[in-house]
There are 2 protein chains.
Amino acid sequence: MATGHTDPQRRERIIAATLDLIADEGVAGVSHRKIAARAGVPLGSMTYHFRGIDDLLREAFRRFTDDIVALFDAHLAPPTDRGQARTAVADLIHALLGGSRRDLVLTQELYTLAARRPAYRALTQEWMTRSRVHLERHFDPVTARQLDALIEGLTLHRALAQESQDHAFTLEAVTRITTTGRRAP
Amino acid sequence: MATGHTDPQRRERIIAATLDLIADEGVAGVSHRKIAARAGVPLGSMTYHFRGIDDLLREAFRRFTDDIVALFDAHLAPPTDRGQARTAVADLIHALLGGSRRDLVLTQELYTLAARRPAYRALTQEWMTRSRVHLERHFDPVTARQLDALIEGLTLHRALAQESQDHAFTLEAVTRITTTGRRAP
DNA sequence: AGCAAGAATGTACGTTCGTACGCTCTCGAG
DNA sequence: CTCGAGAGCGTACGAACGTACATTCTTGCT
């Protein structure tokens, strides 16, 4: 139609549609045409708004990581002591697992890209750094790194084995990893 | 050429080539033609030996998980006490990270498929079960689950952040997660 | 030697893909 | 009212894809 109208929402809609499509069919299933159909925009818009598929994927995943970091922030800002922080981390893990498989799927897709391509690895590194900043508000740097890894592993295993793991199990693991040496408060 | 000769190595070569290709270009980059070229077999062999691409991917990943489980076995069979077992686990983690990025990449690719498709999820579940059997030779079931998750997370984070983490750091994390309650020998 | 069986292959078809590019349409300045 | 400028779009092209299937070749039996 060529409205001639500058439409700033167009770009956003395309990015949102891209994430939805990745969640449904994976990065492998992404194509300009499918995204366009899902976003309700013409095919020509794809190359107009984005330099290419890769450009689009990077923007989409940046959006996604921003959302997850916001989740870390929301959970880890409130607690004021170590005990609360541990509970908050356990809550966070269950929040990540909670709703749909969507977040898990998107995370995996991103990691897969990152494992092979440095451009995406930069994204995951920044993500990890930002998450860790939140954890370091409550734990020392070494513990934060270990805890971060544990969160990753628990989330992943829980999602791949559908044996449900309850909150107590998670909290126990978090407590162990954040308990240093022979003693702990 | 149609040698008419039954060649049992043919199938193996195709599977090996598939894993190599996935490691290099990802599941998204897999095609009958590329695999055939890499394995040095004609395109027609693809549909002859495998029902389709999906069939081939499943067989390839089964081969891969078998190899990793063997690695678990090799590391976790020898130790006889808890301390040795902890060291063995730390060694195992560094072995997983050790050589190339290949194993990490393949693992991610598999998880990505598993996150969305039950047929592949069955594969990861079986894999987890078999790994855990090895861990449970040295640790109680709950600890084994937590440790398994930790191994996953440490491996992944180490690979995505290229900040190197040394053996001492890994052993410390393993020790924490395998130390229950307030005290431990 | 001749031949049936079936292992292995080459090729061709219909689809889908990313992207380039010439075109249309709207808007604000004059 | 006129008319650039540039935002936005439809289409077409070449390449790559998965798969089916007719065909070729070897082998073991008679």
Side-chain angles (χ1 to χ4, degrees), chain A residues 1-62 109-110 112-113 116-117 119-120, chain B residues 1-62 109-110 112-113 116-117 119-120:
Chain A
M1 237 187 290
T3 63
H5 223 61
T6 300
D7 180 3
Q9 306 219 352
R10 178 68 40 113
R11 222 164 174 284
E12 300 303 310
R13 280 229 312 287
I14 292 176
I15 290 178
T18 302
L19 284 175
D20 283 350
L21 183 60
I22 294 172
D24 282 356
E25 306 192 25
V27 168
V30 165
S31 79
H32 275 154
R33 284 168 176 81
K34 288 186 197 165
I35 295 169
R38 209 175 259 251
V41 304
L43 176 59
S45 281
M46 292 297 123
T47 44
Y48 179 73
H49 288 288
F50 301 90
R51 208 172 320 161
I53 284 237
D54 233 63
D55 205 41
L56 177 52
L57 286 181
R58 266 197 306 278
E59 291 239 31
F61 278 119
R62 169 159 296 280
E109 295 282 351
L110 175 55
T112 298
L113 286 175
R116 198 172 14 251
R117 307 198 26 201
Y120 293 91
Chain B
M1 236 185 292
T3 63
H5 222 61
T6 301
D7 179 3
Q9 305 221 350
R10 179 69 40 113
R11 223 162 173 283
E12 300 303 310
R13 279 229 314 287
I14 292 176
I15 290 179
T18 303
L19 284 175
D20 282 350
L21 182 61
I22 294 172
D24 281 357
E25 306 191 25
V27 169
V30 166
S31 80
H32 275 155
R33 284 168 175 81
K34 288 187 198 165
I35 294 169
R38 211 175 256 251
V41 303
L43 177 58
S45 282
M46 292 298 123
T47 45
Y48 179 72
H49 287 287
F50 301 91
R51 207 172 321 161
I53 282 237
D54 233 62
D55 205 41
L56 176 51
L57 286 180
R58 266 196 308 276
E59 290 239 32
F61 277 120
R62 169 160 296 280
E109 295 283 350
L110 174 56
T112 298
L113 286 175
R116 198 174 12 253
R117 307 196 29 200
Y120 293 91

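Proteins get letters first, then strands, A, B, ... in listed order; numbering begins at 1 in each.
- Of the charged side-chain nitrogens involved, at least one lies within less than 4.0 Å of a carboxylate oxygen, so that A/R38 and A/D24 count as a salt-bridged pair.
- Distances shown here put a side-chain N or O of B/S45 below 4.0 Å from the OP1 or OP2 atom of C/dT9.
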Apply side chain to side chain contact (heavy atoms under 4.5 Å, CB included) to B/H49 and B/R13, showing your working. CA-CA 11 Å; B/H49 287 287; B/R13 279 229 314 287; over 6 Å; no
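- For the pair B/I35 and B/L56, the minimum side-chain heavy-atom distance is below 4.5 Å.
- For the OP1/OP2 pair of D/dA7 and a distance below 4.0 Å, the side-chain nitrogens and oxygens of A/Y48 include at least one atom meeting the criterion.
- When distances are taken from the side chain of B/R33 to each of D/dC17, C/dG10, C/dC17, the shortest belongs to D/dC17.
- Between the CZ atom of B/R11 and the OG atom of B/S45 there is a distance of 12.0 Å, given to the nearest 0.5 Å.
- When the C1' atom of C/dC21 is taken as reference, atom CE of A/M46 falls 17 Å away, rounded to whole Å.
- Across the protein-nucleic acid pair, B/Q9 atom CD and C/dA8 atom C1' stand 16 Å apart, rounded to whole Å.
- We find that CZ of B/R51 is positioned 12 Å from P of D/dT19, with the value rounded to whole Å.
- To the nearest angstrom, P of D/dG18 lies 8 Å from CD1 of B/I35.
- Residue A/R10 places no side-chain atom within donor-acceptor reach of the base of D/dG8, judged by atom type and a 3.5 Å distance cut-off alone.
- Interatomic distance, B/L57 CG to B/T18 OG1, rounded to the nearest 0.5 Å: 7.0 Å.
- When rounded to the nearest whole Å, the span between CG of A/L56 and C1' of C/dT19 equals 14 Å.
- Nearest to the side-chain atoms of A/L43 among the listed nucleotides C/dA8, D/dT19, D/dT11 stands D/dT11.
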In sequence, state the C-alpha distance, the side-chain angles, and the governing distance for A/L113 and A/V27, and then conclude on side chain to side chain contact (heavy atoms under 4.5 Å, CB included). CA-CA 9 Å; A/L113 286 175; A/V27 168; 4.2 Å; yes
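- At a threshold of 4.0 Å, the pair B/R51-B/E59 does not count as salt-bridged, since none of the basic side-chain nitrogens sits closer than that to a carboxylate oxygen.
- Protein atom NE2 of A/H49 is 10 Å distant from nucleotide atom C1' of D/dC9, rounded to whole Å.
- In this structure, A/D55 atom CG and C/dT19 atom C1' are separated by 14 Å, rounded to whole Å.
- Contacts between residues 17-32 of chain A and DNA chain D, defined by a heavy-atom separation under 4.0 Å, are absent.
- Contact annotation for A/I53: backbone-only contact, meaning every heavy-atom pair under 4.0 Å involves sugar-phosphate atoms and none involves a base.
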